[in-house]
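Written below as C-alpha cells is the structure these notes are about.
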Amino acid sequence: MKWIRGYITCRVASGKWERFMNLCRHHEIKLWNVTMDKRNVTFCMYSGDYRILMKFVKKTNVVPHVCGRRGLPFLFHRAVRDWTFTLGLVLFFAVLRALSMFVWQINYYGQQEYTKEALSKEVMSMGVYRGMFRGDLNCDGIERSLRERYENISWVSAEEKGCVLNIKIKEGTAEKKKEAADTQPCHLVAPCKGVVRSIVTKEGAAQVKRGMKVKKGDILISGIVEIRDDSDAVIRKKGVHAEGEIVLETEKKYEDSINKSYTAKNKTGKDICVFTVQCNGIRFSIKNPLKWFDNSANYDIMNDICVDEQFIPLHTDLKVTEKRYISYEQVPAEYSEAEAEKLLQNRLAAKMAGYEEKGYKILDHTFAVSREQSSFQAKGNISMEISTMRQKAVKEEELMLEHNGKEDDDGTGADHA
C-alpha cells in the first residue's frame, strides 16, 4: 500500500523537533522509520502529506529535506519523462505478444517409411503451415486426418508447445511384419563360438546346458517339440517359434595395422567461400572476385546450410548454402609410435562400439602395439557376452516322423524286411 501511494524519505538537521512531531500527530500525518543521530533526524512519510508540512516550517523552524522517493507515482512520472524508452518497451512487448500468436516451426518425429517432405505436404493440405494463427490450430483434427490418410501409421500425436507444433508418428508396418515373423517355427542358434553362461527356455526344447561350449550355428533351443504317447513313443512333432534368454561368453581376436608413412594434408590458408542463394527457383552464387580457383591445387569441400526457411504468407522459399573450399598441399609424413597407438586405439574403440550397438556386452579386452619394418601392428582379444541369438527356420523334413519299417500290402504295418 505504501508503494502504491508513494512515499518519501526526509531528513531534518535542526529545529523544534518535538513540536513538529506533535503537529504531525494532530493533523494525522503518519511518520515511520524515524531514526536519530547526533545531527539529523530521518523519517518516511506519504508524498501527498509533504505539502502540509510547509505550514509547520515557520512555527517549528524545522525544514524537511527530501532525500529519497519511492512508489508508483514517482515511477509513472519517470516513465512519462522518459517517454521514448517507455514507448520502446511497450512496443517490444506488443510485438512479442503478436508474434507469439502464430506457429513458426513444425517438427516431425518417428517417421521411417514416409519422408518429412511428404508429411509436410500432407499437413499443409490440411491448412496447417508455418505462420498460421495459433487459434486456428486443431491438433485433434491433424491426428485424425493423418491416421485416415496413411494406413501404415498406427499412432499420431500433434502437440503444440508455444509457437512450435510437434508431430510424432509411429508406423505399424514393421510391427506387423515382426508379429508375422514371430509365428514362424524356428530354432535359436549360436551366432558364434563360445561358452553358455545362462539359458532360460520360454518356448521350445533346450539343447545345451550352462557351461557347455558351442560352435557357430549350433542349435541352442530347438523349435521342434515332440509329442509322445503313454508308452513314451513319439507320435508327432510340432514346430514352434523358439524363445528364451541365452547368454554366451565369447572371445574374439583383434588384429589391425597401419603403415608408417602416409600423405598429410598441409592447409595453405587460401580458402574460398561461395554462397549459393536459391529463392523460388532462382539460383545465383556469391563469391569474392579477388580469390580465384587454382586448377592445380587440392581442395576439401565443406557444405553448410545457413538459411532454409519457407515463408508461407509470401509463398517464398529461401535457402542459403555456404560451400567452403579448403586448400591444402599433400606432403609425405610418418606416424610416431604414440600417434599410431592412439589411432589404433580409436579403431579398437570404434569396433567395440559397433559390438555394443549389436547388443553385445564388453567384459574385457587386451591391446598391444608392435613396431614392424614398415607398419605398426596391433593385436589383442575382446571378451564379451552375447544375448542376441540368430534364428534358423524349421524345415518341413524335420517335422516328419522317421519309420523304420515298411507297411505291407494289407495295411497292417507289419515289418517283413
**Enclosure of Phe293 CZ (heavy-atom neighbours >12, cutoff 6.0 Å)** = yes

**Message:** I'd like to know if the side chain of Asn346 reaches the main chain of Leu343, judged simply by a donor and an acceptor atom lying under 3.5 Å from each other, with no hydrogens or angles considered.
**Reply:** no

**Request:** Report, as yes or no, whether the 6.0 Å neighbourhood of atom CZ on Arg390 holds more than 12 heavy atoms from other residues, nucleotides or ligands.
**Result:** no

**Asked** So, does Arg210 use its side chain to make a donor-acceptor pair with the main chain of Val196 at under 3.5 Å?
**Response** no

**Asked** Is the shortest heavy-atom distance from the side chain of Val156 to the side chain of Lys168 under 4.5 Å?
**Response** no

**Asked** Would you find more than 12 non-hydrogen atoms of other residues, nucleotides or ligands less than 6.0 Å from Met302 atom CE?
**Response** no

**Prompt:** Can you find a pair of side-chain heavy atoms, one from Ile142 and one from Leu165, that are under 4.5 Å apart?
**Reply:** yes

**Prompt:** Ser375 and Gln377: side-chain donor and acceptor closer than 3.5 Å?
**Reply:** yes

**Asked** When rounded to the nearest 0.5 angstrom, what distance separates OG in Ser327 from NZ in Lys291?
**Response** 11.0 Å

**Request:** List the steps and the verdict of salt bridge (charged side-chain N to carboxylate O under 4.0 Å, His left out) for Arg197 and Glu249.
**Result:** CA-CA 7 Å; Arg197 291 304 177 195; Glu249 182 177 341; 2.6 Å; yes

**More than 12 heavy atoms of other groups within 6.0 Å of Glu396 CD** = no

**Asked** Between CD of Glu251 and CG of Leu363, what distance do you get to the nearest 0.5 Å?
**Response** 10.0 Å

**Asked** For Trp104 and Arg130, which heavy atoms make the closest approach, and how far apart are they?
**Response** O-CD, 3.4 Å

**Minimal non-hydrogen separation, Lys323 against Ile301, with atom names** = CG-CG2, 3.6 Å

**Message:** Run the side-chain contact (heavy atoms from CB on, under 4.5 Å) test on Phe102 and Met132 for me, step by step, so that the C-alpha distance in whole Å, both residues' side-chain angles and the decisive distance to 0.1 Å come before the verdict.
**Reply:** CA-CA 5 Å; Phe102 299 90; Met132 69 173 294; over 6 Å; no

**Prompt:** Within 45° of the ring axis of Trp292 and under 6.0 Å from its six-membered ring centre, is that where the NZ or CZ of Lys287 lies?
**Reply:** yes

**Item:** Donor-acceptor under 3.5 Å (Ser120 side chain, Lys116 main chain)
**Value:** no

**Request:** Please examine the side chains of Glu339 and Lys342, heavy atoms only from C-beta on, and report whether any two atoms are closer than 4.5 Å.
**Result:** no

**Message:** So does Val189 get a backbone contact from the side chain of Lys216, meaning a donor-acceptor N/O pair under 3.5 Å?
**Reply:** no

**Message:** Between Tyr262 and Tyr335, is the ring centroid distance below 6.0 Å?
**Reply:** yes

**Asked** Just wondering, more than 12 heavy atoms not from Leu91 lying within 6.0 Å of its CG?
**Response** yes

**Request:** Check whether the side chains of Arg283 and Thr321 place a donor and an acceptor atom closer than 3.5 Å, and report yes or no.
**Result:** no

**Fill in**
One should read off an interatomic distance between Leu220 CG and Leu248 CG, to the nearest 0.5 angstrom, of 6.0 Å

**Complete:** Tightest non-hydrogen contact, residues Thr276 and Ser285, listed as OG1-OG, 3.6 Å

**Asked** Do Lys202 and Glu245 come within less than 4.5 Å of each other through their side chains, counting heavy atoms only?
**Response** yes

**Request:** Spell out, as yes or no, whether a donor-acceptor pair under 3.5 Å connects the side chain of Lys392 to the backbone of Cys186.
**Result:** no

**Crowding at CH2, Trp32 (>12 non-hydrogen neighbours, <6.0 Å)** = yes

**Message:** With side-chain contact (heavy atoms from CB on, under 4.5 Å) as the criterion, how do Met45 and Ile29 come out once you've worked through the C-alpha distance, each side chain's angles and the decisive distance to 0.1 Å?
**Reply:** CA-CA 8 Å; Met45 64 178 298; Ile29 298 176; 3.8 Å; yes

**Verdict with reasoning, Thr86 to Leu89, per side-chain contact (heavy atoms from CB on, under 4.5 Å)** = CA-CA 5 Å; Thr86 305; Leu89 188 64; 5.8 Å; no

**Prompt:** Looking at Ile221 and Glu203, what are the two nearest heavy atoms and their distance?
**Reply:** CG2-O, 3.5 Å

**Prompt:** Do the side-chain N and O atoms of Ser261 and Asn259 include a donor-acceptor pair separated by under 3.5 angstrom?
**Reply:** no

**Message:** Between Glu398 and His187, do the side chains contain a donor N or O and an acceptor N or O under 3.5 Å apart?
**Reply:** yes

**Request:** Taking Thr250 for its side chain and Lys193 for its backbone only, find out whether a donor-acceptor pair lies under 3.5 Å.
**Result:** yes

**Prompt:** Would you call Glu122-Arg149 a salt bridge at under 4.0 Å N-O?
**Reply:** yes

**Message:** Ring of Tyr328, cation from Lys265 - is the NZ or CZ under 6.0 Å from the centre and inside 45° of the axis?
**Reply:** yes

**Message:** I'd like to know if Glu226 pairs up with Arg228 as an ion pair, taking the criterion as any Lys NZ or Arg NE/NH1/NH2 lying under 4.0 Å from an Asp or Glu carboxylate oxygen.
**Reply:** yes

**Asked** Taking C-beta and beyond as the side chain, do Gln391 and His241 meet within less than 4.5 Å on heavy atoms?
**Response** yes

**Contact summary for Ala242 and Leu188, nearest pair of heavy atoms** = O-CG, 3.8 Å

**Prompt:** With a 4.5 Å limit on heavy-atom distance, are the side chains of Tyr254 and Leu348 in contact?
**Reply:** yes

**Request:** Identify whether the distance between the nearest side-chain nitrogen and carboxylate oxygen of Glu28 and Lys30 falls below 4.0 Å.
**Result:** no

**Prompt:** With sequence neighbours left out, what residues match Phe376 under ring-ring contact (aromatic ring centres under 6.0 Å, His included)?
**Reply:** none

**Request:** Kindly compute the distance separating CD1 (Ile246) from CD1 (Ile199), expressed to the nearest 0.5 Å.
**Result:** 4.5 Å

**Request:** For the pair Ser222 (side chain) and Ala205 (backbone), establish whether a donor and an acceptor sit closer than 3.5 Å, ignoring hydrogens and angles.
**Result:** no

**Request:** Give a yes or no answer on whether the side chain of Glu143 reaches the backbone of Ala158 with a donor-acceptor pair at less than 3.5 Å.
**Result:** yes

**Complete:** Separation between SG (Cys139) and CG (Leu137), nearest 0.5 Å, reads 4.5 Å

**Asked** More than 12 non-hydrogen atoms from neighbouring residues, nucleotides or ligands closer than 6.0 Å to NZ on Lys270, yes or no?
**Response** no

**Item:** Ion pair Arg347/Asp256, N-O distance below 4.0 Å
**Value:** yes

**Item:** Verdict with supporting geometry, Thr42 and Thr9, side-chain contact (heavy atoms from CB on, under 4.5 Å)
**Value:** CA-CA 7 Å; Thr42 306; Thr9 303; 3.7 Å; yes

**Asked** Are Ile153 and Lys170 close enough that some pair of their side-chain heavy atoms sits under 4.5 Å apart?
**Response** no

**Prompt:** Any side-chain heavy atom of Gln105 within less than 4.5 Å of one from Cys163?
**Reply:** no

**Request:** Would you name the heavy atoms of Ile227 and Lys238 that are closest together and state the gap between them?
**Result:** CD1-CB, 4.3 Å

**Message:** I need the Asn138 CG to Arg144 CZ distance, nearest 0.5 Å.
**Reply:** 6.5 Å

